[in-house]
> 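Take this structure first; my questions come after.
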Amino acid sequence: MERVAAILFVGDIVASAGRRTLRELLPGLREEFDLDFIVVNGENAAGGIGITPKHADELFAAGADVITLGNHTYRHREVWPYLDEQPFILRPANFLRSQPGHGTCVFERQDGATLGVVNLSGNLFMQAASPAFATVDEALRQVSGADHVLVDMHAEATSEKVAMGWFLDGRVTAVVGTHTHVPTADARVLPGGTAYVTDVGMTGARGGVIGVKREQSISVFRTQMPARYDASDEDPWLMAVVIRTSSGDGRPSGAASIETILRPASSATNDSGRNQTR
Ligand SMILES: [Fe+2]
Ligand SMILES: [Fe+2]
C-alpha cells in the first residue's frame, strides 16, 4: 500500500542569491507541505552558469534529494567526474552516451518510497544529441518500478514542453519544464493524471534579467555589443511547484494536484508579489 507523497520541484537555482534563498526557505517549505521528495534544477548554481561539485554538495546539504541540469551542464570541468560518480545529479538523458554523467536515477527514502527522476533536454534552439521524444521511452524504462516518476524537460520552446506533457500524460507522475526562468501560469493535472507545468521559473534574483544584472543585459540589447554578465543579487525569490501524488496502487503514481509556489527571500526588496497577482 503506497502512501500519498508530496514532491517539491524547485526551478533553476541561479548563483549565490539562488543558493542562499534555497537554504533559507527550504526548511519552512518542508514543514508547510510535509514534503517527501525534493528535486532542484541546479544548472545555474555556480555564478549563474553551470555547477561545480562544491555547489552541488551545497544543494544536497540544503535538502535536495536529486539535482537536475540542462544546457550549462559541462561549463565547469571539475564537475565532469562528479557527474559520473554521484548517482543523484542528472544531466539530460538525451545527451551522447559518451558525455559524462547519466540522465535518470531512482531516489529511495528511508521508509522505502521511491521517486524516479528523468532529465531531458529540448531540441528546438538547444543542443542535444538525440531527440527527447525518441529517448524518453528508454529513460522511463530505467526508472520503471519507482513509486513516482518526475520528468524535468529542460527546453526553450513552450511547444516542445507542452507536447512532452501530452506525450507522457498517464505514464508519469509529473512533467515539469525548466530553462526559461520565467514561471508559466499553466500548472495543472492533465486528463491522464500527470501533473504538468511549462516552466517552473527560477530561484534567484528577480531584480535582474533571468538572473543577470539588468544594467548589463539592457546594455547588450541596446548596444548590440558583447559585455560581461554578472549574476544579479537583487530581490531573490524561490519559484517551485508542489505535486501531490494520487492514492491508489498505480505505478508510477498519478498526480492529485500541482501548485505553483512563488516566495520572496527575506532579503527580497520587493514583496509586492506576495499575493501572486503581479
Ligand atoms: Fe538552461
Ligand atoms: Fe537555467
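The model shown is predicted, which means the values in this text are computed figures rather than measured ones. Atoms within a ligand are numbered from 1 in the order they appear, just like the ligands themselves.
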> State whether F167 and R171 meet the cation-pi test: NZ (Lys) or CZ (Arg) under 6.0 Å from the six-membered ring centroid, and within 45° of the perpendicular axis.
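The answer is yes; both the distance and angle limits are met.
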> Just by distance, no angles: are the side chains of H148 and S253 close enough, under 3.5 Å, to form a donor-acceptor pair?
yes
> Do D199 and T184 have side-chain N/O donor and acceptor atoms under 3.5 Å apart?
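No donor-acceptor contact under 3.5 Å links the two side chains.
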> So how far is it from R75 CZ to T73 OG1, rounded to the nearest 0.5 Å?
12.5 Å
> Short of 2.8 Å from the Fe ion (ligand 2), name each protein N/O/S atom, waters not counted.
D12 OD2, E43 OE2, N44 OD1, H181 NE2
> Under a plain distance cut-off of 3.5 Å, with no hydrogens placed, do D230 and Q216 share a side-chain donor-acceptor pair?
yes
> For F60, enumerate each residue passing the ring-ring contact (aromatic ring centres under 6.0 Å, His included) test, keeping only those at least two apart in sequence or located in another chain.
none
